[in-house]
Amino acid sequence: MTGTTVCRTVVAIALTATLAGLTGCTSSGGPADGGPGGSAPPAATPQPSAPSSTALPSPSLTGPSAEALRAVERATGRAGSARVESTTVMGSELSLKAAGALGWRDDGLTGTLTITYTGGTTAETMRRLGTTAMEARYLPDAYYAEVGDEFADRVGGRHWIKYVYEDLEDLGGGAGAGFADQMRNTTPNQAVKLLLTAEDVRRVGEEKARGRRTTHWTGTVGGATAQTVDIWVDDRDLLVKKVERGRTENGELTQTAYYSEYGVTVSAERPPAADTADFKELLASQGG
């Protein structure tokens, strides 16, 4: 790879992995296949075809099921934070696992996740570049992706890439359209909002999830590009588990997430400015 190609690869992979570690099918589409700046990265950000919650149609579900799910939505929203463990598979491009804590308050998404690449062509590229895991820090206005020493050598010795949501929205060709909403709408209560739009939502029954008694709900959303959403809810109306399945331009997308310790204290500090490279500036320096 040339220096320019590697730099674009670093930036695009960090964008892909940080987003994939957070989102499932509940969010709107992310950057287009061309990747930031129009240079195709090893793997594009997932392209879920379900709308984000800010653009969801009016809930079609009525009756006792709707009342039960709205209680879940309210309880999960009020909790404001939780510990999260998830696995994500994006066809043959990328599989990863993520763990950490996320908060969702009025001022936006906050939290920290450790993302580990477990397979796929993107993971192979990452391994060749000396990185198998990264830390992602989410703040209301931007998120930060950590890169290893070999990556840092390609971006002026800095170990963090900063992605300002507004800058991603401004990507040419509409590549980043809806990105800020996508980042904000990845919390567990958003899965419930999406499920409320499904005409076929149903209560599957009582099941154990992580050793806890839960009620399993399932439904299909997205119309012609059908995606399934399954949630497992405890007796406090809080999500214990979520599974989303759908298709992207890169193949099947499956994400399984587990939630615990609702109300946990969440912190995410901005990395030192001297050790941070700005996504937009990196693209400009590479002719993006």
Side-chain angles (χ1 to χ4, degrees), residues 1-23 30-31 35-37 39-45 84-86 88 93-103 108-168 171 176 179-180 183 186 266-288:
M1 290 186 183
T2 66
T4 297
T5 300
V6 170
C7 186
R8 287 186 179 276
T9 299
V10 170
V11 174
I13 288 178
L15 173 63
T16 299
T18 309
L19 179 59
L22 190 63
T23 62
S39 178
T45 301
V84 183
E85 298 175 52
S86 69
T88 303
E93 295 284 351
L94 176 66
S95 60
L96 55 81
K97 60 182 180 180
L102 295 174
L109 181 74
T110 58
T112 302
L113 294 178
T114 298
I115 298 171
T116 304
Y117 312 102
T118 57
T121 55
T122 298
E124 289 301 319
T125 300
M126 294 294 283
R127 276 192 279 271
R128 288 197 298 271
L129 293 172
T131 298
T132 59
M134 61 176 278
E135 181 178 312
R137 298 182 185 179
Y138 304 91
L139 288 97
D141 63 325
Y143 74 89
Y144 297 79
E146 185 184 29
V147 298
D149 289 339
E150 188 168 344
F151 273 19
D153 289 342
R154 305 285 183 167
V155 290
R158 290 165 290 182
H159 292 82
W160 294 87
I161 301 176
K162 176 183 179 181
Y163 299 87
V164 176
Y165 302 139
E166 289 183 359
D167 291 344
L168 294 171
L171 286 175
F179 190 91
M183 297 297 286
T186 55
V266 174
S267 62
E269 296 183 359
R270 297 183 191 276
D275 199 25
T276 301
D278 185 271
F279 159 80
K280 190 173 183 178
E281 293 176 2
L282 283 175
L283 289 186
S285 69
Q286 299 297 319

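Computation of the quantities below employed the complete heavy-atom set of this structure, encompassing side-chain atoms and omitting hydrogens, waters and symmetry-equivalent molecules.
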Pairwise distance CG(L96) to OG1(T116) - rounded to 0.5 angstrom: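 Separation between the atoms: 8.5 Å.
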Gap separating the CD atom of E146 from the OG1 atom of T114, nearest 0.5 angstrom: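 Between atom CD of E146 and atom OG1 of T114 there are 8.5 Å.
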Minimal non-hydrogen separation, G120 against S95, with atom names: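 Where G120 meets S95 most closely, the heavy atoms are N-OG, 4.4 Å.
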CA sep, side-chain torsions, deciding dist, call: T122, Y117, side chain to side chain contact (heavy atoms under 4.5 Å, CB included): CA-CA 8 Å; T122 298; Y117 312 102; 5.5 Å; no
Nearest atoms (heavy-atom pairs only) where A145 meets Y163: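 A145 and Y163 have their closest heavy atoms at CB-CE1, 4.1 Å.
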E135 and Y144, any side-chain heavy atoms less than 4.5 Å apart: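 No, too far: nothing below the 4.5 Å cut-off.
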Shortest non-hydrogen contact between A268 and L139, atoms and distance: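 What the structure gives for the nearest pair is O-CD2, 3.6 Å.
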Approximate separation, where rounding is to 0.5 Å, of Y143 OH and F279 CZ: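 Spacing of OH (Y143) from CZ (F279) equals 8.0 Å.
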Closest contact, heavy atoms only, I115 versus A136: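 In terms of heavy atoms, the two residues are closest at CD1-CB, 4.0 Å.
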pair R270-R137: side-chain heavy atoms closer than 4.5 Å: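 With C-beta onward as the side chain, the pair stays apart.
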Side-chain touch R158/T276, heavy atoms, less than 4.5 angstrom: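 No, their side chains stay 4.5 Å or more apart.
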Nearest non-hydrogen partners of A277 and L282, listed with the distance: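 Result for this residue pair: CB-CD1, 3.9 Å.
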N/O donor-acceptor pair under 3.5 Å between T112 side chain and S267 backbone: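 At least one qualifying donor-acceptor pair exists.
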L113 side, atom CG; M134 side, atom CE - distance, nearest 0.5 Å: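 Here the interatomic distance stands at 9.5 Å.
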